[in-house]
Amino acid sequence: MLWLITKYGLTAAVIVLVSEVAKRSDRLGALIASLPLVTVLTLIWLYVEKQPADKIANHAWYTFWYVVPTLPMFLVFPALLPRCGFWLTLLVCVVLTMLCFGLFALVVRRMGIHLL
């Protein structure tokens with residue numbers, strides 16, 4: 001139980017760190033947020049918990065493919081935010097990301113990569 005609490009605490013600390021830094025510096029906050037900190041922590045947790053190497057490698061492999069269709073959101077969000085407000089912009093970006101992911105999954109399936 002202590003291990004689970006430690007994992008929650010450290011993982012939450014990363015998110016709080018990013019949001020606190022972003023309050024002070026847009027660029028530094030974005031830089032830290034763009035680092036794959038959650039993925040790195042997940043890889044560490046999997047390794048420490050003695051998961052097989054292929055499971056750890058698969059996590060990194062699929063994370064790469066899942067990140068690609070999320071990238072358009074980061075261009076659309078700042079363009080829509082001044083016009084639509086936060087919540088509508090967020091909703092549009094979530095829907096856009098889901099559509100991009102679905103289309104991307106169909107495209108990469110032809111290359112033998114099964115995301116769904």
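FYI, side chains are in, hydrogens and waters are out, and symmetry mates aren't considered; it's all heavy atoms of this structure.
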[atom1]-[atom2] distance between [X] and [Y], expressed to the nearest 0.5 angstrom:
X: Ile56; Y: His59; atom1: CD1; atom2: NE2; result: 10.0 Å
X: Ile32; Y: Ser19; atom1: CD1; atom2: OG; result: 10.5 Å
X: Leu116; Y: Phe101; atom1: CG; atom2: CZ; result: 4.5 Å
X: Leu80; Y: Leu91; atom1: CG; atom2: CG; result: 11.0 Å
X: Leu115; Y: Ile113; atom1: CG; atom2: CD1; result: 7.0 Å
X: Trp65; Y: His114; atom1: CH2; atom2: NE2; result: 12.5 Å

What pairs of donor and acceptor atoms, side-chain ones from residues 36-45 against any protein atom, are under 3.5 angstrom apart with sequence neighbours left out?
residue : atom : partner : partner atom : Å
Thr42   : OG1  : Val38   : O            : 2.8
Trp45   : NE1  : Thr11   : OG1          : 3.4

[X] with [Y], same ILVMFWY side-chain cluster at under 4.5 Å:
X: Leu71; Y: Leu99; value: no
X: Val14; Y: Leu10; value: yes
X: Trp87; Y: Leu96; value: no
X: Val107; Y: Val68; value: no
X: Phe64; Y: Val108; value: yes

Give a yes or no on whether [X] atom [atom1] has more than 12 heavy-atom contacts from other residues, nucleotides or ligands under 6.0 Å away.
X: Asp54; atom1: CG; answer: yes
X: Trp3; atom1: CH2; answer: yes
X: Tyr66; atom1: OH; answer: yes
X: Tyr8; atom1: OH; answer: no

query = Does Arg110 reach the main-chain N or O of Leu106 with its side chain, forming a donor-acceptor pair under 3.5 Å?
reply =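 No, the answer is negative, given that no donor and acceptor are paired below the 3.5 Å cut-off.
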For [X] and [Y], which heavy atoms make the closest approach, and how far apart are they?
X: Gly29; Y: Val18; value: O-CG1, 4.0 Å
X: Met73; Y: Pro78; value: O-CD, 4.4 Å
X: Cys100; Y: Pro72; value: SG-CG, 4.0 Å

query = When you check the gap from the basic side-chain N to the acidic O, do Lys7 and Glu49 get nearer than 4.0 Å?
reply = yes
Side chains of [X] and [Y], heavy atoms from C-beta outward: is any pair under 4.5 Å?
X: Leu2; Y: Leu4; answer: no
X: Phe77; Y: Val92; answer: no
X: Val67; Y: Thr70; answer: yes

